Student: 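Please see the structure below; I have some questions.
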Number of protein chains: 2
Amino acid sequence: MVRPAREPAMTDVAKLAGVSHQTVSRVLNDHPNVREQTRLRVQAAINELGYRPNKAARLLVTGTSQVIGVVSRSSTLYGPAATLSSLAEEAVKRGFTVNVESVRTLDRQPIADAIGRHLDQRVAGLVIIAPVESANDALDDLPEDIPLVTIDGDPGRPTELVTVDQEAGAYAATRHLLNAGHATVWHVSGPDDWFDARGRISGWRRALTEAGAEVPPLMSADWLAASGYRNGQILARMSDVTAVFAANDHLALGVLRALHERGRKVPEDVSVVGFDDVPEAAYYIPPLTTVRPDFDAVAAASIDLLLAQIDSGRRLGDRRVLTPTLVTRESVAPPRA
Amino acid sequence: MVRPAREPAMTDVAKLAGVSHQTVSRVLNDHPNVREQTRLRVQAAINELGYRPNKAARLLVTGTSQVIGVVSRSSTLYGPAATLSSLAEEAVKRGFTVNVESVRTLDRQPIADAIGRHLDQRVAGLVIIAPVESANDALDDLPEDIPLVTIDGDPGRPTELVTVDQEAGAYAATRHLLNAGHATVWHVSGPDDWFDARGRISGWRRALTEAGAEVPPLMSADWLAASGYRNGQILARMSDVTAVFAANDHLALGVLRALHERGRKVPEDVSVVGFDDVPEAAYYIPPLTTVRPDFDAVAAASIDLLLAQIDSGRRLGDRRVLTPTLVTRESVAPPRA
DNA sequence: GCACAGTCTGTTAACGTTCACAATCGAGCT
DNA sequence: AGCTCGATTGTGAACGTTAACAGACTGTGC
């Protein structure tokens, strides 16, 4: 047998099966009106040649692919990474494939460029992880007819949106600390241009004000352990601080360490709660009480919403808000008497 | 102006600029022999129409895209996630885009399927994160002519490979503990079907045997804090254990916690070293001495090797082995006298 | 026997690029 | 003036698929 110079195409299969290329196409697309016997002959020819349809040709004529474009910041933050990997998995399950465009920053222009590259590939739809304002701005220029879902996007924007109810999670965390008997709760927050961080701040604040507790000054940080540590060093010096809610687990880790260094015991002297429930949180010293968002569910809901748009051919304005759950471990206790 | 029923194509631009479609193509591909004046006219027409070239059509005729296919296990392990996000960033820098296929398991078939989907999209090359044997097996069926780089792949396989020198890293870690005066070093290893884990085991073993130290029985784990904790509970009960090298930082975290629970102080009673230098490691209690691989460099080297193949049109058999560096923090001290 | 409605299959023309080649244009030289 | 050569531009044919339509082949009812 001669090694073929080019890969087998539909016509090659057709020739081998003794049918027209169009019939091969029909077999491939599960068109109903094909005789069983013909179908089998074609299938056999496909197998014999090891034929695989050329997606580019298909895309060229149909104008749409089975690819979902995702835009995300390149990062090793747990939440985004977990969401991303679930997204891909979920998409494959539905017969789609995921194309990820990473951006270094969440500024408008890089995001717009990434979206542009996706559109060039004629993706079937877009999932954009847009946790800050500027990332959302990039959506303004988007054509109306492209299916779109934002994750952690601007709640004030009318597009389809999947998000975790940060406010409820933070409220539960703060409430949990108040219930334990603490007079008030300090908050080490995430960067305040993140919607997530804002939601957690407002949930924390609501829990305090509803309970008539004093609202301590906000401690602002990024998402990393280092800044948790810096803020923790300050908190550790204030002897009246007995409860801290950190905007994520890594911040909480930094706080734990700063408290430890200064000899303030957790949870005996200070109680700490985090957010995210990273897999390691259960092994912090002490094991961390935290709020767990279901990132798999976020991914699944996003794909759901996107496919609904793709199928219906239009924006539906749906949104899904997922409520996280409080995971209680040993880092919370009543304040000392 | 009438809203166009379809997107502008090259012929539309050509008509507007008063040239042939071929000239437009030349402008787009930076072909040298185009008069400056013509180029400007074409550019103007492109801008006016908001024309964007159709990649599918281009792909159809050239047979290759500017897309790099990546296969990786969907996971939130720090190493793979860090590599993945760097890969995408690095690729974009070079004018490529990255298409990620996530697989749930590293078994042969799922990987082969993922590769198949990439080939269907006519990717320009493949980067496969293949840290276990079965993942490498899937590469057997691959056509010879597709550029390919494996990350953390089988060192015994002749393909292009980018990897971190696990053996050297583990050797350095173990040596560091011996230098501090410990009689021997225990190792909590990763899953032994991972090449990474094997390399770390053999580096550890070599350091011990070279020093004439006793080689304690191996403690086998997965990569997660939970199993570090379980193994740590055992280690904590053995009073003669004074030094532990954990195969990654999350295992080390579990060990730290188990030791703490049992009242064994780190580093006074037991010294601990990890591997990976996750961003949080510096905030463990105590801050963790660990081995830092440069994941950005891994990604950059991978893209380098891949583009070299793409440009030259053939496998080059190159490989890059990156040496990780030891990061010393407070979790190591001499044993008690 | 013949029209008729299905069912199945084939033919031709897109889709929007690039490639190979042909044609034209100018400048520089004889 | 005519020739040559390089620079610039145009023409027609791919690439491999789906869409639209046409044709052939069945069985059914009169």
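These values consider heavy atoms only, across backbone and side chains, with no hydrogens, waters or symmetry-generated copies. Lettering of chains follows the sequences in order, A, B, ..., and the numbering in each one begins at 1. Keep in mind it's a predicted model, so treat the numbers as computed, not measured.
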Student: Note the angle between the end axes of the helix from C/dG1-D/dC30 to C/dT30-D/dA1, five pairs defining each, rounded to 10 degrees.
Tutor: 60°
Student: Which pairs with one or both residues in residues 27-47 of chain B pass side-chain hydrogen bond (donor to acceptor under 3.5 Å, both in side chains), sequence neighbours excluded?
Tutor: B/S25-B/N29
Student: Is the shortest side-chain N/O distance from A/S25 to OP1 or OP2 of D/dT18 below 4.0 Å?
Tutor: yes
Student: What is the distance from CD of A/Q37 to P of D/dC25, rounded to the nearest Å?
Tutor: 15 Å
Student: Pairs in or reaching into residues 96-108 of chain A: which pass side-chain hydrogen bond (donor to acceptor under 3.5 Å, both in side chains), with residues at least two apart or in two chains?
Tutor: A/T97-B/E101, A/E101-A/R117, A/E101-B/T97, A/R104-B/E89, A/T105-A/D107, A/R108-A/D141
Student: Which residues, if any, of residues 51-67 of chain A bring a heavy atom under 4.0 Å of DNA chain C?
Tutor: A/L60, A/V61
Student: Please say which of B/L28, B/V27, B/V24 ends up in a side chain to side chain contact (heavy atoms under 4.5 Å, CB included) with B/V13.
Tutor: B/V24
Student: A/T150 side chain to A/E160 main-chain N or O, any donor-acceptor pair under 3.5 Å?
Tutor: yes
Student: Could you pull out all residues at least two apart from B/P147 that satisfy side-chain contact (heavy atoms from CB on, under 4.5 Å)?
Tutor: B/L306, B/Q309, B/I310
Student: I need the minimum non-hydrogen distance between B/L59 and B/S65, along with the two atoms involved.
Tutor: CD1-N, 3.7 Å
Student: If the sugar-phosphate is the primed atoms plus P, OP1 and OP2 and the base is the rest, what is the B/S/- string for nucleotides 8-13 of chain C, using protein heavy atoms under 4.0 Å?
Tutor: SBBBB-
Student: With a 6.0 Å cut-off (strictly less than), is the heavy-atom count around CZ of A/R314, excluding the residue itself, greater than 12?
Tutor: no
Student: Give the rounded distance in Å between these two atoms: CG of A/N29 and C1' of D/dA19.
Tutor: 11 Å
Student: Looking at every non-hydrogen atom in both residues, tell me the closest pair between B/L161 and B/G153 and how far apart they are.
Tutor: CD1-N, 3.4 Å
Student: Is there a donor-acceptor pair under 3.5 Å between the side chain of B/R320 and the backbone N or O of B/A297?
Tutor: no
Student: Using a 3.5 Å distance criterion without hydrogens, assess whether the side chain of A/R26 forms a donor-acceptor pair with backbone atoms of A/H21.
Tutor: no
Student: To the nearest Å, give me how far apart CE (B/M10) and P (D/dG10) are.
Tutor: 13 Å
